[in-house]
2 protein chains.
Amino acid sequence: MQGTERWAELGQQLRVDSVRAAAAAGSGHPTSSMSAADLMAVLLDGHLRYDFDDPANPCNDHLIFSKGHASPLLYSLYRAAGAIDDRELLSFRKLGSRLEGHPSPRLPWVDVATGSLGQGLPVGVGVALAGRYLDHLPYRVWVLCGDSELAEGSMWEAFEHASFTQLDHLTAILDVNRLGQTRETRHGWDTGAYAERLRAFGWHAIEIDGHDVDAIDKAYQEAVGTDGRPTAIVARTVKGKGVQAVENRNGMHGKPLDDPEAAIRELGGLRNLTVKVRKPPSQVPHRFPAAGELELPRFEVGDKVATRRAYGQALAALGTAEGNVVALDGEVSNSTYSELFAKAHPDRFFEMYIAEQQMIAAAVGMQVRGWRPFASTFAAFLTRAYDFIRMAAVSRADLRLAGSHAGVSIGEDGPSQMGLEDLAALRAVHGSVVLHPCDANQTAELVAAMAEQAGISYLRTLRGATPVIYPPGTPMPIGGSQVLRSSGDDQVTIVGVGVTVHEALKAADHLAERGVRARVIDAYSVKPIDRTTLLAAAEATSRIVTVEDHWPEGGLGDAVLDAFADARPAPRVVKLAVSGMPGSGKPDELLREAGIDAEAIADAALALAATP
Amino acid sequence: MQGTERWAELGQQLRVDSVRAAAAAGSGHPTSSMSAADLMAVLLDGHLRYDFDDPANPCNDHLIFSKGHASPLLYSLYRAAGAIDDRELLSFRKLGSRLEGHPSPRLPWVDVATGSLGQGLPVGVGVALAGRYLDHLPYRVWVLCGDSELAEGSMWEAFEHASFTQLDHLTAILDVNRLGQTRETRHGWDTGAYAERLRAFGWHAIEIDGHDVDAIDKAYQEAVGTDGRPTAIVARTVKGKGVQAVENRNGMHGKPLDDPEAAIRELGGLRNLTVKVRKPPSQVPHRFPAAGELELPRFEVGDKVATRRAYGQALAALGTAEGNVVALDGEVSNSTYSELFAKAHPDRFFEMYIAEQQMIAAAVGMQVRGWRPFASTFAAFLTRAYDFIRMAAVSRADLRLAGSHAGVSIGEDGPSQMGLEDLAALRAVHGSVVLHPCDANQTAELVAAMAEQAGISYLRTLRGATPVIYPPGTPMPIGGSQVLRSSGDDQVTIVGVGVTVHEALKAADHLAERGVRARVIDAYSVKPIDRTTLLAAAEATSRIVTVEDHWPEGGLGDAVLDAFADARPAPRVVKLAVSGMPGSGKPDELLREAGIDAEAIADAALALAATP
């Protein structure tokens, strides 16, 4: 059996297996799988180049299901490719199974988790950027997209960036099955509406009947043969295709078929076609030259340097030492100082323009291929990509983030530009590390530590220059802290982070003048927090003031309280944070107004010290 | 002076005032203001209908600066309109001034805060939706957009939704000044690239020279005269226009001019033109009929009902009682149950498709006009719009949010669909209220409470059915809690929320069997948390177990710890939460695996009770 007939049969097999998987699970999205079955049959059998025995092969193509809910189809493909057996297929959605409700990299052939719509294509752009500009490898990136997810702005960030960067090895396969979860999409079967938009965005667009396997084959050939711009195959398909009870009917989204046995019969019964998926060509990935030895910038104690600038300098040094470090920025590289990396390593810097979602997605895509991306923008604007960061954790991605312009200390620009919720948001990311240095040498050390850190790590930097207080090379382990003032008989402990460390030091001076001895801790590692040092301080002083340039919820104060949750004896803790909505003003004025400056700290510490 | 000459003069005045404001502040964005000065001069003098003495006039047009950093231009417009005096103009960016670095509604003529790019247009879409579909008023919405922000996907969500809903009273004015913060935009001065995209998206697009005041005037006329679709005026402009030292030069973004005096001279000096802005026509807004009396749904104790369903029923009832309640959903209304509102009040339901950013922005836009929007999607997908929620707080918006499918208790769909960071994210929104009911009657009461609540309130609902434990009408004030088990000699307190309340009750039964008396608190108001009740429990039992279907950071546990920060005597607190990355499985299996089910709670309570 060859060509048309074989593809049609394979498509039916994928439908049958999708129905079976969902039936076994008692949930799932068979109808959304059935619409795309022919598209995927022809891809698997005719165009994908992938070594299922060697998912780490750098030359493998990448297949991403942006419509992650079509996971039954993806897993049916894996069965057809011989990668999983039938028993595993039927473990779909069961506790412990790798075949989760939506794909995740617990399966070695899955690059990234999908299931939050509108993310797979932007990540695919990242993988394709890596292929073209970093790996210099000819792998292709195939992304199966739903029509519903075309409503997500992130898809259009991806379309725009892909054509701008001429990713002609990227193919978006749009499964236009007309029906969303509750109703028809905005454009229904008007494939022209999509094609017109895509062409305007610089893509080559091909409209086809998504159940005509020969047309599908031809479209893939055309995509592969198209130079200079990415191709979108806009395929008119039928949701639930092949089974009358569900075919093209609203209200059939996301549920198993009522009568799977009848559906399987209608689809022609169980099949066991096996596809020998074409292996990729063998080629060695490009690597950038690297010095090997890391020479971090060194700053002199007493100088005033913005931590954001130290970030840029350290990142540039890291790039010199290690060839797989790359940087991305959201068109604020002269604010985040990632421009220093860009100047030193222009080939490894990616300008993502003001598209934070695409920036994070691109970073996720690059780490799929083993690159070590650092992505930066204002801390406030990382919130724009919060869903992407959340999903990056589900993807088990290694991702380094830097958010500049933290807190009210930025001054005049006002609250829209102030990161005041970033510590809370990033702490609540699975497995994350959250760092907030107060001086330039500390920043440099933490950038180096992030490079070695798996999972998602976040560095929060300051707009304004702060005094360098640590000698170059002072160890700053993740999970550590620095005790800056301490005596044998401290009466109160002040825990600060970032700009408030300097306020805390000043406060300690004020307090000393008034005869109160304050321990000062720089809790630069907000997550994981240095519980040991905090517990020692609690035992020594039993009174703690935390102070942060952040809303009161979810940041440093909450992290410190968590460390003391069942500590005996429990210290009294007073949290200072930004509680009113700030306006514009000078940094010092705003710190004062927010009640997180030296004077406010000293007042709180005095009041606390006076309690029994 | 009339027409061309007057507009040109007014444009120069706006430039001069922008330069002066930034010079007085020592910061700000004069060059980004200068490019759009002519566009705004003609709008103010010829087309805007706005009563500056009565900003609450329902018939006023709306002018939104999506490029909020051009605030000097906006404030210069206000001066030209006689709304502020010169002294106030020069208070720009100073502590206490209403003229913040980026516009905020501290100024009565500003609808919403901008400054996070890509948000003003989506909010404008919301205002325009209100005008067309709710107010039935002929006000126009004018949105000044930057070219850099066209990289944000949210802009394309807005373009798509505006044409789909035929908002021909919405005009987007694109100030294509070519230069972003650090470099040329992707498309530079290729206004055709934008026009082509916009036309493909169903907009009427007009390309003009943005410094030709007659062409600008004509374009506005054409926009006003265009029926059935919104108009975009794609204006080629020059950044820093009028001052050679900065005109069309890279590196001049976001800083005051080096020599403002020379610049003002070059611009022809100070002017004091005053514009008598045209008043809007007087018309009475449409109001929907309303019953007045709220009849909440009533659920029988012992029945099992999903709180998401109770949300939908309560919202429908609220809509019957009050005509200004509206609902929006991100194409999951049969999951969130906002479909019950849609069925009862189709004229006040807005399907926003899978575009969460636009959904939140539309809600913000509607509340500008006094409507009371409830916006719903999966809790996990609200993270997609986190930057919009953050900015809604800066906008002082009254916004009600509902996130369904909280936590691992959703079961088989897996982690991409599980809201596990929403409590942390929403707690860290300025002035927010965070509610998480465990039963249907409680949900109904909280929906009613949210309707009366200013600011941003968030309701987290459950996918699965939970037993009704509260009789209908049980008061559930924001900031309250329910003590479900209590005796005079409790040994330990369990604080749960949502699904874990039921696990806590079961755990209390297990504990009772083992001779341990547990107090059980339902902390349905996570923010503000009921400190009084928690302190009483701490005093009574001195041992607290918190348990939540959420990551350990920033949620219930942290809120409870915060309540005890300086409590004496301090209780020992053990936090149970989801710490490992979940997969798929049955709800009960996942609760068990996460260590937040009854057994885990009982074990933790037993261990805690045994501590000294």
Go through the atoms of [X] and report whether side chain, backbone, both or neither lie under 4.5 Å from a heavy atom of chain A.
| X | result |
| --- | --- |
| B:Met352 | backbone |
| B:Ser104 | neither |
| B:Lys586 | neither |
| B:Pro569 | neither |
| B:Thr546 | neither |
| B:Arg98 | neither |
| B:Phe92 | neither |
| B:His29 | side chain |
| B:Ala385 | neither |
| B:Lys94 | backbone |
| B:Ala355 | both |
| B:Arg396 | side chain |
| B:His69 | neither |

Heavy-atom pair count under 4.5 Å with chain A, highest-scoring of [options]:
| options | value |
| --- | --- |
| B:Val574, B:Val332, B:Leu198 | B:Val332 |
| B:Met155, B:Glu593, B:Glu356 | B:Glu356 |
| B:Ile389, B:Thr185, B:Val394 | B:Val394 |
| B:Glu157, B:Met391, B:Arg390 | B:Arg390 |
| B:Glu589, B:Glu351, B:Arg186 | B:Arg186 |
| B:Ser148, B:Ser27, B:Gly414 | B:Ser148 |

Taking [options] one by one, which has the highest count of heavy-atom pairs under 4.5 Å against chain B?
| options | answer |
| --- | --- |
| A:Ser71, A:Gly585, A:Ala151, A:Gly101 | A:Ala151 |
| A:Lys527, A:His253, A:Glu149 | A:Lys527 |
| A:Gly580, A:Gly96, A:Ala380, A:Ala567 | A:Ala380 |
| A:His550, A:Gln119, A:Glu339, A:Arg199 | A:Gln119 |
| A:Gly411, A:Ser335, A:Ala158 | A:Ser335 |
| A:Arg568, A:Lys575, A:Gln417, A:Gln357 | A:Arg568 |

query = Any idea how B:Trp156 and A:Phe201 line up, ring-wise: parallel (<30°), tilted (30 to 60°), or perpendicular (>60°)?
reply = perpendicular
Working to the nearest 0.5 Å, report the span between [atom1] of [X] and [atom2] of [Y].
| X | Y | atom1 | atom2 | result |
| --- | --- | --- | --- | --- |
| B:Glu152 | A:Gln358 | CD | CD | 11.5 Å |
| B:Ser416 | A:His102 | OG | NE2 | 4.5 Å |
| B:Tyr386 | A:Leu382 | OH | CG | 12.0 Å |
| A:Ile544 | B:Asp566 | CD1 | CG | 12.5 Å |
| B:Ile354 | A:Asp147 | CD1 | CG | 9.0 Å |
| B:Asp387 | A:Phe381 | CG | CZ | 7.0 Å |

key: Qualifying residues under side-chain contact (heavy atoms from CB on, under 4.5 Å), relative to B:Ala563, sequence neighbours excluded   = B:Ile529, B:Arg531, B:Leu534
So which part of [X] gets closer than 4.5 Å to some heavy atom of chain B, the side chain, the backbone, both or neither?
| X | answer |
| --- | --- |
| A:His161 | both |
| A:Phe159 | neither |
| A:Arg543 | neither |
| A:Met418 | backbone |

What pair of heavy atoms forms the shortest contact from [X] to [Y], and how long is it?
| X | Y | value |
| --- | --- | --- |
| A:Pro582 | B:Glu100 | O-OE2, 4.3 Å |
| A:Asp562 | B:Leu561 | CA-CD1, 3.6 Å |
| A:Arg106 | B:Gly583 | NH1-CA, 4.0 Å |
| A:Trp551 | B:Ala428 | CD1-O, 3.1 Å |
| B:Tyr353 | A:Glu184 | CE2-O, 3.6 Å |

remark   = Result for side chain to side chain contact (heavy atoms under 4.5 Å, CB included) between B:Arg197 and one of A:Glu196, A:Arg197, A:Glu160 points to A:Glu160
task = Before accepting this row, confirm whether a basic side-chain N of the pair A:Arg93/B:Asp413 lies closer than 4.0 Å to the acidic partner's carboxylate O.
result = yes
request  = Please determine if B:Asp558 and A:Arg427 form a salt bridge, counting it only when a charged side-chain N lies under 4.0 Å from a carboxylate O.
outcome  = yes
request  = Evaluate the side chain to side chain contact (heavy atoms under 4.5 Å, CB included) criterion for residues A:Glu553 and B:His430: first the C-alpha distance (whole Å), next the side-chain angles of each, then the deciding distance (0.1 Å), finally the verdict.
outcome  = CA-CA 9 Å; A:Glu553 297 86 11; B:His430 179 67; over 6 Å; no
inquiry  = Strictly distance-based, threshold 3.5 Å: is any side-chain N or O of B:Arg384 a donor or acceptor partner for the main-chain N or O of A:Leu117?
reply    = yes
request  = Give the C-alpha distance, both sets of side-chain angles, the deciding distance and a yes or no for side chain to side chain contact (heavy atoms under 4.5 Å, CB included) between B:Val429 and A:Glu421.
outcome  = CA-CA 7 Å; B:Val429 168; A:Glu421 53 290 298; over 6 Å; no
Flag for B:Glu331-A:Thr182: side-chain donor and acceptor within less than 3.5 Å = yes
